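Positions are given from 1 along the sequence. Predicted model only: the values in this text are computed from it and were never measured. Computation of the quantities below employed the complete heavy-atom set of this structure, encompassing side-chain atoms and omitting hydrogens, waters and symmetry-equivalent molecules.
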Amino acid sequence: WAATGCPDGLTEALHELNDEEQFINDVQLTNDGSWLIVYGKNGLRWNDIPYSLEQKLRAWNNNNEEITSVAFNDVGDWIAVSTEHIAASSRELQDWVADGMDYYGAVLATCITEDAAVVVYEEGYRFLGDVPQDLKRRLETVSFNVYRVKIAGSAWFISDNKSRYSYNM
């Protein structure tokens with residue numbers, strides 16, 4: 001991992017997980033400094049996440065579900081994915097994610113900001129809101145299987161689950 005300018009708690013948690021040789025699956029950081037790390041099968045570390053998301057993650061963790069993706073924003077919207085379930089902060093958002101599964105297969109990862117959402121499925125993508133057009137174009141031409149998507153305004157980052165990536169910062 002590499003980071004600069006992150007909240008101290010996030011940086012400390014990443015150092016600890018790295019020192020413990022934990023596999024970091026996903027990191028979420030919002031504009032207001034809330035953050036979450038998904039590591040190992042269902043390990044979680046967070047600071048200031050929506051309460052309803054916290055409750056859902058604790059339930060999945062207690063059931064030993066593998067948590068694969070968590071995304072949230074500063075206005076309370078969130079999407080969480082385990083190998084057994086998908087959940088979201090609203091019924092509309094959950095239905096939107098689930099509807100994509102009929103066309104594109106299982107959910108691999110999600111990204112949500114205050115004005116955009118992207119869901120990565122096994123066989124495609126769904127977009128909601130103000131997703132950067134150059135990201136959409138890049139997803140059409142990328143030569144690797146995208147597993148993660150991150151958006152911050154007009155900047156974006158995509159990667160597979162190995163070592164290939166592309167970005168526009």
Side-chain angles (χ1 to χ4, degrees), residues 1-62 65-82 85-94 96-97 107-120 125-136 138 146-161 165-169:
W1 65 277
T4 183
C6 293
D8 290 340
L10 174 57
T11 303
E12 290 166 10
L14 289 168
H15 276 296
E16 288 174 18
L17 293 170
N18 189 62
D19 290 346
E20 296 168 6
E21 298 183 2
Q22 293 288 336
F23 178 74
I24 298 170
N25 291 330
D26 198 6
V27 177
Q28 176 73 26
L29 173 62
T30 70
N31 291 334
D32 288 347
S34 297
W35 56 267
L36 179 136
I37 304 168
V38 178
Y39 65 94
K41 181 179 177 185
N42 68 353
L44 299 162
R45 301 251 184 117
W46 65 69
N47 177 61
D48 196 30
I49 65 173
Y51 182 71
S52 58
L53 173 58
E54 178 181 338
Q55 294 303 105
K56 181 59 67 180
L57 294 175
R58 284 185 190 278
W60 288 354
N61 196 277
N62 289 338
E65 289 186 40
E66 183 174 351
I67 299 167
T68 58
S69 182
V70 180
F72 62 96
N73 61 26
D74 289 320
V75 296
D77 301 318
W78 58 267
I79 303 169
V81 181
S82 78
H85 297 96
I86 61 167
S89 54
S90 70
R91 189 74 191 154
E92 295 81 13
L93 191 55
Q94 185 161 331
W96 177 77
V97 174
V107 176
L108 300 178
T110 63
C111 176
I112 192 165
T113 67
E114 280 79 2
D115 55 359
V118 177
V119 177
V120 180
Y125 313 95
R126 286 201 83 187
F127 307 104
L128 187 65
D130 191 20
V131 176
Q133 290 300 316
D134 58 334
L135 169 59
K136 290 179 179 180
R138 182 65 180 123
V146 174
Y147 188 75
R148 292 277 181 233
V149 173
K150 299 292 181 180
I151 303 171
S154 63
W156 52 264
F157 174 88
I158 60 174
S159 69
D160 64 5
N161 59 355
Y165 61 90
S166 182
Y167 64 91
N168 178 39
M169 300 286 172

Original post:
Under the side chain to side chain contact (heavy atoms under 4.5 Å, CB included) criterion, do Phe157 and Met169 qualify, and how do the steps go?
Top reply: CA-CA 8 Å; Phe157 174 88; Met169 300 286 172; 4.1 Å; yes
Original post:
Taking Asn47 for the side chain and Leu10 for the main chain, is one N or O donor matched with an acceptor at less than 3.5 Å?
Top reply: no
Subject >> Exam field: side chain Ser166 to backbone Ile158, donor-acceptor pair closer than 3.5 Å >> reply: no
**OP:** Scan residues 23-44 for pairs that pass salt bridge (Lys or Arg N to Asp or Glu O under 4.0 Å), counting only residues two or more places apart or in two chains.
**Re:** Asp26-Arg148, Asp26-Lys150
Original post:
Do side-chain atoms of Asn62 reach the backbone of Arg58 as a donor and acceptor pair under 3.5 angstrom?
Top reply: yes
Original post:
When you measure from the side chain of Asn61 to the backbone N and O of Asn42, does any donor-acceptor pair fall under 3.5 Å?
Top reply: yes
**OP:** Under the side chain to side chain contact (heavy atoms under 4.5 Å, CB included) rule, what do Val118 and Trp156 come out as? Steps first, then yes or no, please.
**Re:** CA-CA 11 Å; Val118 177; Trp156 52 264; over 6 Å; no
Subject >> Donor-acceptor contact below 3.5 Å, side chain Ser69 vs main chain Thr110 >> reply: yes
Subject >> Full working for side chain to side chain contact (heavy atoms under 4.5 Å, CB included) between Val38 and Leu44 >> reply: CA-CA 5 Å; Val38 178; Leu44 299 162; 3.9 Å; yes
Subject >> Non-hydrogen atoms of Trp60 and His85 that approach each other most closely >> reply: CZ2-CB, 3.5 Å
Original post:
Quick check: does any side chain N or O of Ser34 sit under 3.5 Å from a backbone N or O of Ile49, one acting as donor and the other as acceptor?
Top reply: no
**OP:** Say whether, by atom type as modelled, one donor and one acceptor occur between the side chain of Gln28 and the main chain of Ala71 under 3.5 angstrom.
**Re:** no
Subject >> Check: Glu21 main-chain N/O paired with Asn18 side-chain donor or acceptor under 3.5 Å >> reply: no
Original post:
Does any non-hydrogen side-chain atom of Leu14 lie less than 4.5 Å from one of Ile24?
Top reply: yes
Original post:
Do Cys6 and Leu29 have side chains that get closer than 4.5 Å, going by heavy atoms?
Top reply: yes
Subject >> Flag side-chain contact, heavy atom, 4.5 Å: Glu20 against Tyr39 >> reply: no
**OP:** Only pairs at least two apart or in different chains count here, so list each salt bridge (Lys or Arg N to Asp or Glu O under 4.0 Å) that has a residue in residues 10-19.
**Re:** Glu16-Arg45
